[in-house]
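The next block holds one structure in the form of structure tokens; read it before the comments.
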Protein chains: 2
Amino acid sequence: MLSFAEENYLKTIYHLSTTDKEDVSTNAIAETLHTKPASVTDMIRKLSNKGMINYRKYHGVSISDEGKKVALTVVRKHRLWEVFLVDKLKFNWDEVHDVAEQLEHIKSPLLIKRLDEFLNYPKYDPHGDPIPDENGEFQIKPKVPLSALDLNASGIIVAVNDSNSLFLQYLDKIGAYLGAKIKVLDKIEFDNSLEIMIDNKRTVFISKEVSENILITE
Amino acid sequence: MLSFAEENYLKTIYHLSTTDKEDVSTNAIAETLHTKPASVTDMIRKLSNKGMINYRKYHGVSISDEGKKVALTVVRKHRLWEVFLVDKLKFNWDEVHDVAEQLEHIKSPLLIKRLDEFLNYPKYDPHGDPIPDENGEFQIKPKVPLSALDLNASGIIVAVNDSNSLFLQYLDKIGAYLGAKIKVLDKIEFDNSLEIMIDNKRTVFISKEVSENILITE
DNA sequence: AAATTTATTTAGATTAAACTAAAAAAATCG
DNA sequence: CGATTTTTTTAGTTTAATCTAAATAAATTT
């Protein structure tokens, strides 16, 4: 049985090895976990002894099959809980992370099985990230800029490319938010701006720049 | 912010001080927590320094107002999660304890507020135990032996007095379980046995002994 | 390639929560 | 009441997870 700390290290190593390079550096782990490199070295040795990672001194670590299994279970739990929080408890997307970070460590296979069932076997979390199944299998849903959608196509906002606060304030002003449903009502060829419908409620015009910085899924 | 261990000690001290005597002994705490008296003394000192309990060496502890507040919050969370597990995730009563024991330590006031709302503000957990509100207020629901019910009265099985396995096997055989709805169809004066309806499904006769060992609520 | 910088590891401490064994206080019993 | 038993505390360890400071290995730069 792994501790919370061990699970968090594995999750981080797994994420870094998929988003960055396969071999993960001590410093990279320390940075994402807000811990010191010396502490990481200690934990690395422990996880290596447990067969969760492959470790060669001074050469970073890679995750083992066993470690990947654990990491994917934690990710699965995290994302299922996020769906629960948003779908059932009406949390906003920006409120779920810290809570899911705690809930992901609850140990009970039955709980996860039942939660999955209760949520109707979701394949993606509210951010559009895939939820691994019991075997760790999942399929990534492509995220495309809103500017790439066809006329009359629709999708959900799952991320933004540019997260400076002026941009976010603008999105807020027009009623766009993570999770909002967008439909492309018109594509203005003159300046590549778009007329879009947000949440079947309001229609607005947005510039090419804006549409390139909003990421959509589905 | 209190640790899991601290919360568990407070919960235990609170429970012992209400079910037993107000001053709780070191040994009693050690026994319920499956820990050693020496460890309890250490933790007692810590909780005392934090103002959670009142402590006089060699004379046991009593819970402070602040400590009671914390304990009741943990109890509230535990019982709300139990309702969730049983009502929403179809857990049986005997399966919920270990999981709720973990979930009760999740830190997020918003989560508990929303969970409470989602569950429609339950006042009692599946065992018939009261759920404290945000202010720690609650009302105990009386548990009476099935033998004390009036003719045609009904209630829910919330506990058994005698938990030897022969008795439990018998209950299983007649289809009675924790949470089952019972209605008194007839009271046989000759031997004080009862004819009861279980879950609106089957009717059975049970002896006086049996009816005195089944506890009912509502 | 040598010197310097950066990354990683080692050594030694710290904190929380547990433990054992021994000492001390309180309770009980003859 | 004094002796014995029980309960509680103290003293000293242990383990997990962290830290700082120093040492060493690897990478980079001139």
Side-chain angles (χ1 to χ4, degrees), chain A residues 1-14 16-17 20-63 67 70-71 74 101-102 104-107, chain B residues 1-14 16-17 20-63 67 70-71 74 101-102 104-107:
Chain A
M1 184 110 307
L2 298 185
S3 67
F4 283 24
E6 289 170 321
E7 287 189 348
N8 281 332
Y9 272 90
L10 280 179
K11 195 177 52 146
T12 297
I13 293 167
Y14 171 74
L16 289 173
S17 70
D20 220 49
K21 38 181 115 57
E22 208 190 306
D23 285 294
V24 180
S25 78
T26 301
N27 272 2
I29 299 169
E31 202 173 324
T32 52
L33 286 174
H34 303 291
T35 182
K36 303 290 162 180
S39 313
V40 174
T41 301
D42 283 347
M43 183 57 95
I44 275 175
R45 185 168 302 115
K46 202 200 308 185
L47 289 173
S48 175
N49 288 337
K50 293 193 176 186
M52 295 291 163
I53 55 179
N54 311 114
Y55 174 46
R56 242 184 69 226
K57 259 193 202 172
Y58 291 104
H59 290 276
V61 301
S62 65
I63 200 148
V70 173
V74 177
E101 210 58 16
Q102 298 177 64
E104 73 188 7
H105 299 295
I106 302 292
K107 264 106 183 160
Chain B
M1 185 109 308
L2 298 184
S3 67
F4 284 24
E6 289 170 320
E7 287 190 348
N8 281 333
Y9 272 90
L10 280 179
K11 195 177 53 148
T12 298
I13 292 167
Y14 172 74
L16 290 172
S17 70
D20 220 51
K21 37 181 115 55
E22 207 189 307
D23 284 294
V24 181
S25 78
T26 302
N27 272 2
I29 299 169
E31 202 172 323
T32 52
L33 285 175
H34 304 291
T35 182
K36 303 290 164 182
S39 312
V40 174
T41 302
D42 283 347
M43 182 58 94
I44 275 175
R45 184 168 302 115
K46 204 201 306 189
L47 289 173
S48 175
N49 288 336
K50 292 193 178 187
M52 295 291 163
I53 55 180
N54 311 114
Y55 174 47
R56 242 183 70 227
K57 259 192 201 175
Y58 292 104
H59 291 275
V61 300
S62 65
I63 200 149
V70 173
V74 177
E101 210 58 17
Q102 298 177 63
E104 74 188 7
H105 300 295
I106 302 292
K107 265 106 184 158

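Computation of the quantities below employed the complete heavy-atom set of this structure, encompassing side-chain atoms and omitting hydrogens, waters and symmetry-equivalent molecules. All values derive from a computational prediction rather than experimental measurement. Every chain is numbered from 1 and lettered A, B, ... according to where its sequence line falls, protein lines coming before strand lines.
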Next on the checklist: Of the listed nucleotides (C:dT20, C:dT8, C:dT10), which one gets closest to any side-chain atom of A:R45?
Outcome noted: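 The closest nucleotide is C:dT10.
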Protein-nucleotide distance ([X], atom [atom1]; [N], atom [atom2]), rounded to Å:
{"X": "A:K36", "N": "C:dG12", "atom1": "NZ", "atom2": "P", "value": "22 Å"}
{"X": "B:E31", "N": "D:dT8", "atom1": "CD", "atom2": "P", "value": "11 Å"}
{"X": "B:R56", "N": "D:dT7", "atom1": "CZ", "atom2": "C1'", "value": "15 Å"}
{"X": "B:Y58", "N": "D:dT9", "atom1": "OH", "atom2": "C1'", "value": "4 Å"}
{"X": "B:D42", "N": "D:dT13", "atom1": "CG", "atom2": "C1'", "value": "12 Å"}
{"X": "B:I44", "N": "D:dT10", "atom1": "CD1", "atom2": "P", "value": "11 Å"}
{"X": "B:H34", "N": "C:dC19", "atom1": "NE2", "atom2": "C1'", "value": "17 Å"}
{"X": "A:M43", "N": "C:dT9", "atom1": "CE", "atom2": "P", "value": "15 Å"}

What does [X] touch in the nucleic acid at a heavy-atom separation under 4.0 angstrom: a base, only the sugar-phosphate, or nothing?
{"X": "B:A38", "value": "base"}
{"X": "B:T26", "value": "sugar-phosphate"}
{"X": "A:F4", "value": "nothing"}

Next on the checklist: Below 30° counts as parallel, above 60° as perpendicular, anything between as tilted: where do the rings of A:F4 and B:F4 land?
Outcome noted: perpendicular
Would you be so kind as to tabulate the donor-acceptor pairs closer than 3.5 Å made by side chains of residues 50-58 of chain B, with sequence neighbours excluded?
from, atom 1, to, atom 2, distance (Å)
B:K50, NZ, B:E6, OE1, 3.4
B:K50, NZ, B:E6, OE2, 2.8
B:N54, OD1, B:S62, OG, 3.2
B:R56, NH2, B:H59, NE2, 3.0

Next on the checklist: Looking at B:E22, I'd like to know if its CD atom is crowded, meaning that more than 12 non-hydrogen atoms belonging to other residues, nucleotides or ligands lie closer than 6.0 Å.
Outcome noted: no
Checklist entry - Is A:K107 atom NZ crowded by more than 12 heavy atoms from other residues, nucleotides or ligands, each under 6.0 Å away? => result yes
[X] side chain N/O closer than 4.0 Å to the phosphate oxygens (OP1, OP2) of [N]?
{"X": "B:N27", "N": "D:dT6", "answer": "no"}
{"X": "A:Y9", "N": "D:dA16", "answer": "no"}
{"X": "B:T35", "N": "C:dC19", "answer": "yes"}

Checklist entry - Tell me, do A:L2 and A:V70 make a side-chain contact under 4.5 Å, heavy atoms counted? => result yes
